[in-house]
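Here the structure comes first, spelled out in structure tokens, and everything after it is commentary.
On a predicted model such as this, the values are computed, not experimentally measured, just so you know. The sequence lines fix the lettering, A, B, ..., with proteins before strands; numbering per chain opens at 1. Side chains are part of it too, since the values below use all heavy atoms of this structure and drop only hydrogens, waters and symmetry mates.
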There are 2 protein chains.
Amino acid sequence: MAIHLIRKLEHFTKLSSEEKTSLERTAAQKVRQLNPREDIVYEGDRPSQINLILEGWACRYKVLEDGRRQIMGYSIPGDICDMRMFILKEMDHSIGAITPVSLAEIPKDTIIELTDTYPRLSRAFWWDSLVENAISREWIVNNSQREATERMAHLFCELFIRLRMVGLTRDHSCEIPVTQADLGETLGLSTVHVNRTLQELRASNLIVLKGKALTIPDLEALQEVALFNDNYLHLNRDGHEMDANE
Amino acid sequence: MAIHLIRKLEHFTKLSSEEKTSLERTAAQKVRQLNPREDIVYEGDRPSQINLILEGWACRYKVLEDGRRQIMGYSIPGDICDMRMFILKEMDHSIGAITPVSLAEIPKDTIIELTDTYPRLSRAFWWDSLVENAISREWIVNNSQREATERMAHLFCELFIRLRMVGLTRDHSCEIPVTQADLGETLGLSTVHVNRTLQELRASNLIVLKGKALTIPDLEALQEVALFNDNYLHLNRDGHEMDANE
DNA sequence: CGATCGCTTGAGCAAAATCAAACCTCGTGG
DNA sequence: CCACGAGGTTTGATTTTGCTCAAGCGATCG
């Protein structure tokens, strides 16, 4: 069930079969199920373990005192939330389930053991967290410089590529299980404007969105209107020189 | 000259005098001077060393194909740009000097040696980079949910506190050596609107800004209008249990 | 079968962008 | 010493983008 994580990490470096089975075993140890809208961790929590998303979508978010809510990132299968508990005492944001979520709960010590035993895994985790940071930075650009249509297009490009990395697309399609209100809280737009922007993207045949099923007939075209540059996702196997040779 | 870095890291854990002199020595090894608007690293670069800001301000930024520019973070004295080169091959953004900047160039191997010798330093660097990520996430919230006045107020609160951490404030004042155009590219606002927003903050006596000198007569008041919560800066000495006892 | 949640539409409004010009400072060179 | 120019700030007028408010619609589910 750690298949998504493994697929993702192998965009950085090829893992040995021993490393893969270790990951599989670790991820199977303790699994927790959550319902949509349930929180995985709360702002202010002092988490003592790492959560790996096995199935479903979650999001990181903050709520301002007056109720405004901002989604700062999506966690999809294969994503780890979060390594930072090794150092930081308190969560400065919450993580909530969007769909039903199945989580592997991995104790701190298990991770330490794993990374001590397999330095390649340690580096791959590091890569993963650096890419996550790069995504945060790109979101600053997206929500600050791009206008609604570009912004939405950019988000769809990113999500499609991330889902493809972990094997969750088919041809030109994937599932985007978020509501238009969620999209608004992601992109800093009102729900009404999200709706109208989606209509615009549909009208230009850039996307087909029926319920949760997103189809991108021409990814390049969508990337163009989004001014999308995938370099921040670091897909070029930066760790290939440490590939396992099997 | 690594004094600012040391001050910052000691908000996480107290360093031993040996660790401090090692940092000082490392930072004095090779120093480079840059002029305002000169780039420290370019998007696409493959950096081979770490740059520590000793004096002056720099910023991380991206430029879209059509010229729109977004500043994604400020680097002030004591900031490290950037540790990620251990893993990632190519910079996905640029870093440019805002003021004259003096940089310590630290070779990869020196950092490895340092962190291998002093695990406490290693953890402190890790903390530092996690706080940097938390700042990025907060900027997403800031530029997406807050309106112009709140947004600007929030930025000033953050910068003031960060400068205070490294000893670069006096009473209620500090230097903010950025132009209004820079502020616009930071906050996702037009220069004209930045100007008007500043006037508003001045009119409400929330800030005094003369040239580059910023005075915040009542930080709490400014934090209130900004809906500012400092938890994301992790100032509470999360590493105090590993303090050096000297 | 009503209630709830999510999506859609319309009308009016507010925030911020754009465009254009003036002004101010400061450093440089005649 | 003064003129000039560049970079930065300020102001006014107008337009655009996206927000708010309000209501209706269409599924889905107990």
Would you tell me whether A/Ser136 and B/Ser136 have side-chain atoms, one donor and one acceptor, within less than 3.5 Å of each other?
no
Short side-chain donor-acceptor distance under 3.5 Å, A/Asp182 and A/Tyr74:
no
Using a distance-only test with no angle check, is there a side-chain donor-acceptor pair under 3.5 angstrom linking A/Glu200 and A/Thr149?
yes
Touch class at under 4.0 angstrom, heavy-atom based, for A/Arg37 against every strand present
sugar-phosphate
Is there a donor-acceptor contact under 3.5 Å linking the side chains of A/Glu43 and A/Tyr61?
no
Side-chain donor-acceptor pair present, B/Trp57, B/Glu175, cut-off under 3.5 Å
no
Which residues pass the salt bridge (charged side-chain N to carboxylate O under 4.0 Å, His left out) test with B/Arg68, not counting sequence neighbours?
A/Glu150, B/Asp66
Nucleotides 27-29 of chain C: which of its N/O atoms have a protein N/O under 3.5 Å away?
none

First-last contacting nucleotides on DNA chain D - partner chain B, under 4.0 angstrom, heavy atom:
D/dG8 to D/dA13
Search all heavy atoms of B/Pro217 against all heavy atoms of B/Leu206 and return the closest pair with its distance.
CD-O, 3.3 Å
Answer with yes or no whether the side chains of A/Asn133 and B/Asn133 bring together a donor and an acceptor at under 3.5 Å.
yes
What residues 174-190 of chain B contributes to the DNA chain D interface at heavy-atom separation below 4.0 Å is B/Thr179, B/Gln180
Please list, in numerical order, the residues of residues 191-200 of chain B that have a heavy atom closer than 4.0 Å to any atom of DNA chain D.
B/Val192, B/Asn195, B/Arg196, B/Gln199
Between B/Gln145 and A/Gln70, is there a side-chain donor-acceptor contact under 3.5 Å, judged purely by atom types and distance?
yes
Identify, residue by residue, the members of residues 202-212 of chain B with a heavy atom below 4.0 Å from DNA chain C, and return them in order of residue number, or none.
none
Inter-residue atom distance B/Asn143.CG - A/Asn142.CG, 0.5 Å rounding:
11.5 Å
